[in-house]
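Right, one structure below, let's go through it.
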Amino acid sequence: MCGIAAIFSREAPIAPATIERATRSLYHRGPDGQRHWISADGRVALGHARLSIIDLTTGDQPIASEDERTRIIVNGEFYDFEAIQQELERGGHRLRTRSDSEIALHLYEDIGMQCVHRLRGEFAMVLWDERNRTMVAVRDRFGIKPLFYAWHDGALYLASEIKALFAAGVPARWDTDAVSQSFELGGPQTSTLYDGVRQVPPGHYLIATDRQFQLHQYWDFNYRATADVRQRPAEEYVAEFRDALEEAVRLRLRADVPVGCYLSGGLDSCAVIGLAARHRSDPIRAFTLTFDRPDYDEEREAREMAVRVGAEFHPIPIGQDDLADHLADAVHQAEAFCLNAHGVAKYLLSRAVRDAGYKVVITGEGSDEILGGYAHFRRDMLMYNREGQDPAALTAMLQQLEALNPVSRGLLLPHGAGKPLDHVKRRLGFVPSWMETFSARAAKMDDLFSTDFAQRYGSRESYGALLNELDVRGQLGGRDPVHQSLYLWSKTALPGYVLTTLGDRMEMAHSIEGRVPFLDHHVVEVIRSQPVNQKINGMTEKYVLREAVRDVVTDTVYRRQKHPFLSPPATLNPQGKLNALVQDTLRGTTLASLPFFDQKKVVDLLDRLDTMDESSRVANDQILMILVSACVLQERFGLGA
């Protein structure tokens, strides 16, 4: 994986220093080489910071076509690319490299934008078509790889990270509308926290010419309508899913450098390493975060799994001091608000992987989003799939779910009263539990707003704007409520938070490529066609996955329920360095300079923490982390209002 930057000017020529600054700001994403190209008329520039994974000797970018009329830069990986290389060569193409990236260039030459349907993997790419004076930018189906853009002074700027846009000259300012939405949505699919900076949405491509600018969707989940789902024997679903997932894992082991695995005590990463070990003749290296608070530590389960598959176990201990020391750097890389210091832990994990001499890891991200792994999806299953169920049994299961450890409260299930969601209820016929959870958090945020910000945004319902961006009738109509919840989560929190703060940005901060087999679109297209009871069966989440990998995971992992990946909250360790950082930051001058919050209200919350029970302190820790990360972004980027 790499870092990419591009500029398409409709007016003035581009100064070489502009694309150089943008590319240089992405050095952490591509320390193995930085190159750029500027067109003869000076109005198009492409920059690439390379992390060499495939074809270590000839894979430099930008890559030009045989006639040099088309050029491409790619961040990511295309899998099963060798077969397409052979097909292209049979068709007369002369490949300049053996890199997987080059296939997209020639597929575009041959079949235009239909090329996106041939690409399998996690990627973002920009292509310049000189013949048609067209710039094309494509983002993968799920938003695994980031791609941002902005218009400034008659030019289109694109980059893997927002800091590259700022380095190129795009003004750094808060977008107060987007900030307000982010408190409730958990990550909007098109906007960012920054004025004028947008995202190419997952599953979309962008086309820009001298006269036109368009976004087109090329992929969506397309869950089957409930009436169209046909039940088959359970063993057929299990075999079908196992075949798809194992192939996705096998393909992601292909690299010209060593490949390791992230390993926790959860089903997802254990399934990945269990399947990966079947296709390796040598022991695979397993990297595991450990914490000093038992409720959050999974070392025992992970170590047992490593022994089960003969992996080399590499624990990375993380303490509150470590989280405090590196929080600002991690937030700067994320360029977004964080809810917990788990992103900082992932930042330190990727650093340890790099120091161990690795560039590539396979991870379990995305499993919860396609298989209903979070507690709020189980709550939806219990609340909105009641037909033929014993009411007393459902009530008992709901009570069991609500009695979860405080680790899960407030982040996965509602804690306290939320903001009104009448619009969602009218549009969908129900309110997804994750929206209730986020709404309860947003209500706590409202209590801390400055008077001006509250008057402007306090009564807004952000989910209405979200639903207006989506094809509600085509993608949600007639679908099971759980599938509707999964779909909406995958348009917001998945690309906007999970794949950012817990994925690409923390990995690439230390030049680590994370590969996510659960978000291989072949895997997703298998599970989307299966009935909801293969995802959640009673109180058992990720049912079909458990059965599909039972032979390659430990019995402990097979029987263990979802344990969310969180680092111990600062509020549970009042004497710790992380809590001191939170207290000092929120009582300081940076928070006072932000236009969103009333510092007196924030200080009052800080003063009341000692009187709260553990569940309330955990829930409010999320609020405090959002505030701290806002202060970090203000300081690092010097943002205007």
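Just so you know, these numbers come straight off a predicted model, no measurement behind them.
- For T585 (side chain) and L581 (main-chain N/O), a donor-acceptor pair under 3.5 Å exists by modelled atom type.
- Under a 4.0 Å N-O distance rule, the pair K562/D368 qualifies as a salt bridge.
- Closest non-hydrogen pair, V524 versus L519, comes out as CG2-CA, 4.2 Å.
- A salt bridge links R636 to D329: one of the charged nitrogens lies within less than 4.0 Å of a carboxylate oxygen.
- Proximity of a side-chain donor or acceptor of S350 to a complementary backbone N or O of Y347 within less than 3.5 Å is detected.
- Aromatic ring pairs are classed by plane angle as parallel below 30°, tilted from 30° to 60° and perpendicular above 60°; the pair Y358 and F287 is perpendicular.
- In this structure, the salt bridge (charged side-chain N to carboxylate O under 4.0 Å, His left out) partners of K577, at least two apart in sequence or on a different chain, are D325.
- A 4.5 Å side-chain heavy-atom check between L486 and I370 finds every atom pair outside the cut-off.
- Closest approach of G143 to P202, counting heavy atoms only: N-CB, 3.4 Å.
- Side-chain contact between F148 and L158 is absent, with no heavy atoms from C-beta onward closer than 4.5 Å.
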Evaluate the ring pair (Phe, Tyr, Trp, His ring centres under 6.0 Å) criterion for residues F449 and F596: first the C-alpha distance (whole Å), next the side-chain angles of each, then the deciding distance (0.1 Å), finally the verdict.
-> CA-CA 6 Å; F449 286 164; F596 319 123; 8.4 Å; no

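- For the pair R441 and F438, the cation sits on the ring face: its NZ or CZ lies under 6.0 Å from the ring centre, inside 45° of the axis.
- To the nearest 0.5 Å, the span separating CD on E77 from CD1 on I144 amounts to 11.5 Å.
- Nearest heavy atoms, Q34 versus L26: NE2-C, 4.1 Å.
- Residues F291 and H563 place their aromatic rings such that the two centres sit no closer than 6.0 Å.
- A salt bridge links R29 with D504: the closest approach of a Lys/Arg side-chain nitrogen to an acidic carboxylate oxygen falls below 4.0 angstrom.
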When you look at L470 and L488, which way does the side-chain contact (heavy atoms from CB on, under 4.5 Å) test go after all the steps?
-> CA-CA 9 Å; L470 302 173; L488 293 166; 3.6 Å; yes

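- Taking the six-membered ring where the residue is Trp, F337 and F183 present parallel rings, their angle staying beneath 30° rather than reaching 60°.
- At least one donor-acceptor pair under 3.5 Å links the side chain of S439 to the backbone N or O of K419.
- Comment: D268 engages K542 in a salt bridge, judged by a side-chain N to carboxylate O separation of less than 4.0 angstrom.
- Atom-to-atom distance recorded for T290:OG1 and I318:CD1 is 7.0 Å, nearest 0.5 angstrom.
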Passes side-chain hydrogen bond (donor to acceptor under 3.5 Å, both in side chains), N468 versus R427? Steps please.
-> CA-CA 10 Å; N468 287 338; R427 295 284 297 274; 3.3 Å; yes

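- Between the CG atom of D292 and the CG atom of D321 there is a distance of 9.5 Å, given to the nearest 0.5 Å.
- In this structure, S450 contributes its side chain and P595 its backbone to a donor-acceptor pair below 3.5 Å.
- Looking at T590 and E635, their side chains do bring a donor and an acceptor atom within 3.5 Å of each other.
- We find the CG-CD1 distance between L348 and I316 to be 9.5 Å, quoted to the nearest 0.5 Å.
- Paired with I4 under the rule side chain to side chain contact (heavy atoms under 4.5 Å, CB included), one option of T23, L147, V74 passes, and it is L147.
- The main-chain N or O of A167 is found under 3.5 Å from a side-chain atom of R21 such that the two form a donor-acceptor pair.
- The closest side-chain heavy-atom distance from H510 to H28 is not below 4.5 Å.
- Atom-to-atom distance recorded for L502:CG and T363:OG1 is 10.0 Å, nearest 0.5 angstrom.
- Taking the six-membered ring for Trp and thresholds of 30 and 60 degrees, W219 and F142 have ring planes more than 60 degrees apart, a perpendicular arrangement.
- Side-chain atoms of Q199 come within 3.5 Å of backbone N or O of S191 as a donor-acceptor pair.
- By the 4.5 Å heavy-atom criterion applied to side chains, L594 and C631 are counted as neighbours.
- At a threshold of 4.5 Å between non-hydrogen side-chain atoms, the residues L323 and S567 count as touching.
- Side chains of L586 and V628 form a contact here, defined as non-hydrogen atoms less than 4.5 Å apart.
- Of the possible donor and acceptor atoms, one in the side chain of R560 sits under 3.5 Å from a partner among the backbone N and O of G265.
- Closest of all the heavy-atom pairs between Q320 and A570 is OE1-CA, 3.9 Å.
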So D610 and R617, salt bridge (Lys or Arg N to Asp or Glu O under 4.0 Å) or not? Walk me through it.
-> CA-CA 8 Å; D610 289 344; R617 277 184 284 148; over 6 Å; no

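- For the pair D380 (side chain) and V482 (backbone), a donor-acceptor distance under 3.5 Å is absent.
- Here the shortest heavy-atom pairing between A334 and T500 reads O-CG2, 3.8 Å.
- The ring of W151 has its center no closer than 6.0 angstrom to the ring center of Y157.
- Nearest heavy atom pair, residue K346 against residue L289, reads N-CD1, 4.3 Å.
- Under a 3.5 Å cut-off, the side chain of D140 and the backbone N or O of E122 do not form any donor-acceptor pair.
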Walk me through it: do M125 and I73 pass the test side-chain contact (heavy atoms from CB on, under 4.5 Å)?
-> CA-CA 6 Å; M125 66 184 193; I73 48 176; over 6 Å; no

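- A side-chain hydrogen bond (donor to acceptor under 3.5 Å, both in side chains) with Y457 is found for one member of D452, D446, D177 and no other, namely D177.
- Between H376 and W489, the angle of the ring planes lies from 30° to 60°, which puts this pair in the tilted group.
- Between K491 and E469 there is no salt bridge, since no side-chain N of the basic residue sits under 4.0 Å from a carboxylate O of the acidic one.
- Remark: K601 NZ is packed, more than 12 non-hydrogen atoms of other residues, nucleotides or ligands lying under 6.0 Å away.
- Taking 4.0 Å as the cut-off between side-chain N and carboxylate O, R505 and E507 do not count as a salt-bridged pair.
- Ring planes of Y374 and F377: tilted class, angle from 30 to 60°.
- You'll find the side chain of L51 stays beyond 4.5 Å of the side chain of I512, heavy atoms only.
- Aromatic pair F565/Y262: centroids not less than 6.0 angstrom apart.
- Ion pairing between a basic and an acidic side chain is recognised when a charged N comes within 4.0 Å of a carboxylate O; R198 and D175 show no such pairing.
- Taking OG from S160 and CG from L165, the interatomic distance works out to 9.5 Å, rounded to the nearest 0.5 Å.
- R173 places none of its side-chain heavy atoms less than 4.5 Å from the side chain of Y194.
- Within the 3.5 Å criterion, the main-chain N or O of M508 finds no donor-acceptor partner in the side chain of S511.
- Partners of D604 according to the salt bridge (charged side-chain N to carboxylate O under 4.0 Å, His left out) rule, which considers only residues two or more places apart in sequence or in another chain, are R608.
- Ion pair R141/D220 not flagged as a salt bridge, since none of the NZ, NE, NH1 or NH2 atoms sits closer than 4.0 Å to an Asp/Glu carboxylate oxygen.
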